[in-house]
Trainee: 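Take a look at the following structure, please.
What you see is a predicted model, and the numbers here were worked out from it, not measured in a lab. Heavy-atom basis, side chains included; hydrogens, waters and symmetry copies ignored.
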Amino acid sequence: MEIKKERSLDLYYDPQCRYCQETLKWLEDNNITDVVTHNLEADPKARETLVEVGGREAYPCLIADGRALYGEDTIIEFLTKLKGLKEEDIAG
């Protein structure tokens with residue numbers, strides 16, 4: 001019997017960043033609810049974690065099982081494949 005481990009998905013964003021806002025909207029529009037969001041402006045510890053795990057302060061950044069993915073397009077492409085979304089099913 002194979003045990004499936006839940007993926008760890010953490011999105012680090014700055015609320016003033018338009019690419020971050022577009023990524024958050026895409027998550028909402030596509031009903032992606034298992035991504036934990038971290039507001040870098042409101043949470044200084046999140047900023048430290050982003051730099052520690054991701055290696056730099058750039059956003060949006062998705063940390064997926066310890067691997068940093070930067071940029072709206074890269075994050076959306078990764079999540080689209082991960083979730084098995086079909087192009088015709090994708091909102092936004």
Trainee: Between Thr74 and Glu77, is any pair of side-chain heavy atoms under 4.5 Å apart?
Mentor: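 The answer is no; the side chains never approach within 4.5 Å.
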Trainee: If Ile, Leu, Val, Met, Phe, Trp and Tyr residues are connected whenever their side-chain heavy atoms lie under 4.5 Å apart, and connections chain through other members, are Leu69 and Ile76 in the same group?
Mentor: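 Cluster IDs for Leu69 and Ile76 match.
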Trainee: Heavy-atom count around Phe78 CZ within 6.0 Å, excluding the residue itself: above 12?
Mentor: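 Enclosed: over 12 neighbouring heavy atoms sit under 6.0 Å from CZ of Phe78.
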Trainee: On a heavy-atom basis, which atom in Cys61 and which in Ala58 lie closest, and how many Å separate them?
Mentor: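 Nearest heavy atoms, Cys61 then Ala58: CB-O, 3.5 Å.
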Trainee: If you measure only the distance, is there a donor-acceptor pair under 3.5 Å linking the side chains of Thr33 and Asn31?
Mentor: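 Not at all, the side chains of Thr33 and Asn31 share no donor-acceptor pair under 3.5 Å.
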Trainee: Name the residue from Gln21, Glu57, Glu41 that meets the side-chain contact (heavy atoms from CB on, under 4.5 Å) definition with Asp14.
Mentor: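 Checked Gln21, Glu57, Glu41 against Asp14; only one passes side-chain contact (heavy atoms from CB on, under 4.5 Å): Glu41.
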Trainee: If you group Ile, Leu, Val, Met, Phe, Trp and Tyr by side-chain heavy-atom gaps below 4.5 Å, do Leu40 and Ile63 land in one group?
Mentor: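 The answer is yes; both residues are in one hydrophobic cluster.
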Trainee: Please tell me if the side chains of Pro60 and Leu11 come closer than 4.5 Å, counting only heavy atoms from C-beta onward.
Mentor: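 They are in contact (side-chain heavy atoms under 4.5 Å apart), so the answer is yes.
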Trainee: To check you understand the geometry: which heavy-atom pair defines the closest contact between Val53 and Gly66, and what is its length?
Mentor: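 For Val53 versus Gly66, the nearest heavy atoms are CG1-O, 4.1 Å.
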Trainee: Would you call Ile75 and Trp26 a side-chain contact if the rule is heavy atoms closer than 4.5 Å?
Mentor: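 Result no, sub-4.5 Å side-chain heavy-atom pair not found.
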Trainee: Following the transitive rule for hydrophobic clusters with a side-chain heavy-atom cut-off under 4.5 Å over Ile, Leu, Val, Met, Phe, Trp and Tyr, establish whether Leu24 and Leu82 coincide in one cluster.
Mentor: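 Both belong to a single hydrophobic cluster.
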Trainee: Around Lys25, counting heavy atoms of other residues, nucleotides and ligands shown, do more than 12 lie under 6.0 Å from its NZ?
Mentor: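 Not more than 12 within 6.0 Å, no.
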Trainee: According to salt bridge (Lys or Arg N to Asp or Glu O under 4.0 Å), does anything in residues 66-76 pair up with another residue at least two apart or in another chain? List the pairs.
Mentor: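 Every pair satisfying salt bridge (Lys or Arg N to Asp or Glu O under 4.0 Å) with a residue in residues 66-76: there are none.
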Trainee: Check whether any side-chain heavy atom of Thr23 sits under 4.5 Å from a side-chain heavy atom of Tyr13, and report yes or no.
Mentor: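 Answer no - side chains too far apart.
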Trainee: Does anything in residues 35-72 form a ring-ring contact (aromatic ring centres under 6.0 Å, His included)? List the pairs, not counting sequence neighbours.
Mentor: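 The answer is Tyr12-His38.
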Trainee: Show the nearest heavy-atom pair for residues Leu62 and Val35, with the distance to one decimal.
Mentor: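 The pair with the smallest heavy-atom distance is CD1-CG1, 4.0 Å.
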Trainee: Below 4.5 Å, heavy atoms only, C-beta onward: do Leu50 and Asp10 meet side chain to side chain?
Mentor: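 The answer is no; the side chains never approach within 4.5 Å.
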Trainee: Quick check for you: to the nearest 0.5 Å, what is the distance between Asn30 atom CG and Leu79 atom CG?
Mentor: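 So the CG of Asn30 and the CG of Leu79 are separated by 9.5 Å.
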